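In what follows, a structure is listed as structure tokens, so that the remarks can point back to it.
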Amino acid sequence: MRLALMQAQSGVLDVAGNLELIDRAAAQASEAGADLLLTPELFPVGYAPRRLRKELDPEALPGIRASLEELARIHGIALLYSLPEVAEGEWHITATLVDASGARRAHYVKVHLFGAAEQEVFTPGSAPPVVADFGGLRLGVAICYDIEFPETARAAALLGAHALLVPTAMSTGYEKVQRRLIPTRALESQLYVAYANHCGSEDGLELAGLSVIADPFGEVVAQGGAGAELLFADLDPSATEAARGDVPYLNDRRPELYREWNL
């Protein structure tokens with residue numbers, strides 16, 4: 001399966017402009033033969049948690065989702081997008097995978113919320129990374145800060161994921177995550193990790209870019225810079241099987257001991 005990863009600058013609450021950027025990326029990705037386009041965290045509405053809670057009308061969200069599903073159909077490409085979700089008065093950060101027909105294939109609620117703004121605005125989820133069959137692979141979905149906890153990637157791997165797709169909004173100052181941690185997560189759980197970040201400035205927050213795709217051996221197969229760009233990688237499930245056959249981390253785990261250790 002060919003994955004395209006979008007890195008771009010979103011406009012806070014500029015939904016029309018943000019959808020236009022996704023439209024262009026989807027067209028380019030589809031023309032390049034990609035099967036799926038991964039977009040950054042909360043990209044259609046911009047990353048500014050407090051402003052979103054204050055200014056975004058929750059009744060607009062179904063229409064935004066419908067527009068994204070239509071883009072998938074128009075360009076004949078699957079799409080993973082991230083939006084707020086409001087349920088029973090609680091706001092969540094979510095990621096949704098739709099196929100090239102616009103049909104929903106997976107939906108995930110962010111578990112680990114980073115910083116005061118996210119924690120004030122959103123309620124965390126509690127379910128493990130969702131894993132869905134797509135394009136001959138099992139794809140896992142997590143969001144941003146989730147991947148900084150090794151349990152997230154390991155849970156996806158134990159659920160059979162060949163790849164973990166991670167929309168993110170990572171600011172400058174934390175570039176070690178893209179440069180060191182993502183390849184490590186891929187290596188230790190022996191799956192692809194694709195990490196799609198914003199770039200530029202959004203509501204005064206400087207976003208770092210440096211989106212990255214690492215393979216199951218921990219090798220970086222695509223790396224973004226500081227500006228807008230589209231990355232590509234071919235995801236091969238046999239690479240996951242080869243890595244797990246080489247060093248059987250998953251089979252050699254001893255969870256009964258870890259429980260005794262209170263981990």
Side-chain angles (χ1 to χ4, degrees), residues 1 3 5 36 38 40-41 80 95 97 106 108-114 124-170 173-197 208-224 231-263:
M1 187 190 79
L3 173 70
L5 183 156
L36 189 157
L38 170 61
E41 182 181 15
L80 193 142
L97 172 66
Y108 171 77
V109 177
K110 186 175 184 179
V111 170
H112 302 93
L113 300 177
F114 180 78
S126 58
V130 66
V131 176
D133 293 317
F134 180 83
L137 289 85
R138 285 181 59 76
L139 300 180
V141 181
I143 301 173
C144 195
Y145 193 37
D146 288 329
I147 194 61
E148 298 184 43
F149 296 83
E151 295 86 353
T152 301
R154 184 53 53 86
L158 291 171
L159 290 167
H162 298 103
L164 184 58
L165 308 179
V166 187
T168 191
M170 173 61 75
Y174 299 94
E175 291 85 353
K176 286 185 290 186
V177 171
Q178 295 98 309
R179 291 176 172 146
R180 300 181 187 175
L181 189 144
I182 298 303
T184 298
R185 288 289 173 268
L187 171 65
E188 69 190 5
S189 286
Q190 300 170 312
L191 76 177
Y192 290 94
V193 179
Y195 186 83
N197 197 16
L210 299 179
S211 297
V212 60
I213 304 170
D215 74 11
F217 291 94
E219 299 294 336
V220 172
V221 295
Q223 175 77 70
L231 305 179
F232 293 91
D234 293 312
L235 309 186
D236 183 352
S238 68
T240 300
E241 304 308 325
R244 294 173 184 176
D246 183 38
V247 182
Y249 289 138
L250 301 184
N251 290 339
D252 288 348
R253 294 170 62 252
R254 299 187 64 188
E256 71 284 355
L257 291 183
Y258 310 152
R259 284 191 288 271
E260 291 179 9
W261 298 347
N262 293 319
L263 296 180

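Owing to the predicted nature of the structure, the values given are computational and were not obtained by experimental measurement.
Put simply, the side chain of Tyr192 gets close to the backbone of Asp236: a donor and an acceptor are under 3.5 Å apart.
Sorted by first then second residue, the side-chain hydrogen bond (donor to acceptor under 3.5 Å, both in side chains) pairs that include residues 126-138, not counting sequence neighbours, are Asp133-Arg138. For the side-chain hydrogen bond (donor to acceptor under 3.5 Å, both in side chains) condition, the pairs that include at least one residue of residues 173-186, sequence neighbours left out, are Arg185-Glu188.
Residues forming a side-chain contact (heavy atoms from CB on, under 4.5 Å) with Pro124 (at least two apart in sequence, or on another chain): Leu113. In this view, Ala156 and Pro129, Ala161, Leu164, Leu191 satisfy the side-chain contact (heavy atoms from CB on, under 4.5 Å) rule, not counting sequence neighbours. With sequence neighbours excluded, no residue satisfies side-chain contact (heavy atoms from CB on, under 4.5 Å) with Leu187. The side-chain contact (heavy atoms from CB on, under 4.5 Å) search around Ala132 returns Ala106, not counting sequence neighbours.
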Point to revise | Residues Asp146, Val166; criterion side chain to side chain contact (heavy atoms under 4.5 Å, CB included); working and verdict | key: CA-CA 9 Å; Asp146 288 329; Val166 187; over 6 Å; no
Review point. Checking side chain to side chain contact (heavy atoms under 4.5 Å, CB included) for the pair Leu250/Leu158: CA distance, chi angles, key distance, verdict?
Key: CA-CA 7 Å; Leu250 301 184; Leu158 291 171; 4.2 Å; yes
Practice item. Kindly determine whether Val177 and Glu148 satisfy side chain to side chain contact (heavy atoms under 4.5 Å, CB included), including the steps that lead there. Key: CA-CA 8 Å; Val177 171; Glu148 298 184 43; 3.8 Å; yes
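Note on ring orientation: taking the six-membered ring where Trp is involved, the planes of Phe149 and Tyr145 are perpendicular (angle over 60°, cut-offs 30° and 60°).
Residues Glu41 and Met170 are not in side-chain contact: their nearest non-hydrogen atoms beyond the backbone lie 4.5 Å or more apart. The closest side-chain heavy-atom distance from Gln190 to Asp246 is not below 4.5 Å. In this structure, Leu36 and Leu97 have side chains that are in contact, with non-hydrogen atoms separated by less than 4.5 Å. Side-chain contact between Ser211 and Asn197: present, with at least one pair of heavy atoms (C-beta onward) separated by less than 4.5 Å.
The shortest non-hydrogen separation linking Pro237 to Gly136 is CG-O, 4.0 Å. Taking all atoms of both residues into account, the shortest heavy-atom contact from Val220 to Pro183 is CG2-CG, 3.8 Å. Shown here for Tyr195 and Ile147, the closest heavy-atom pair between the two residues is CE1-CG2, 3.8 Å. In terms of heavy-atom proximity, Ala127 sits nearest to Val111 at O-CG2, 3.3 Å. Heavy-atom minimum distance, Arg253 versus Tyr258: CA-OH, 3.7 Å. Closest of all the heavy-atom pairs between Gln223 and Val212 is OE1-CG2, 3.8 Å.
The line from CG of Leu3 to CD1 of Ile213 is 5.0 Å long, rounded to the nearest 0.5 Å. The distance from atom OH of Tyr108 to atom CG of Leu165, rounded to the nearest 0.5 Å, is 12.5 Å.
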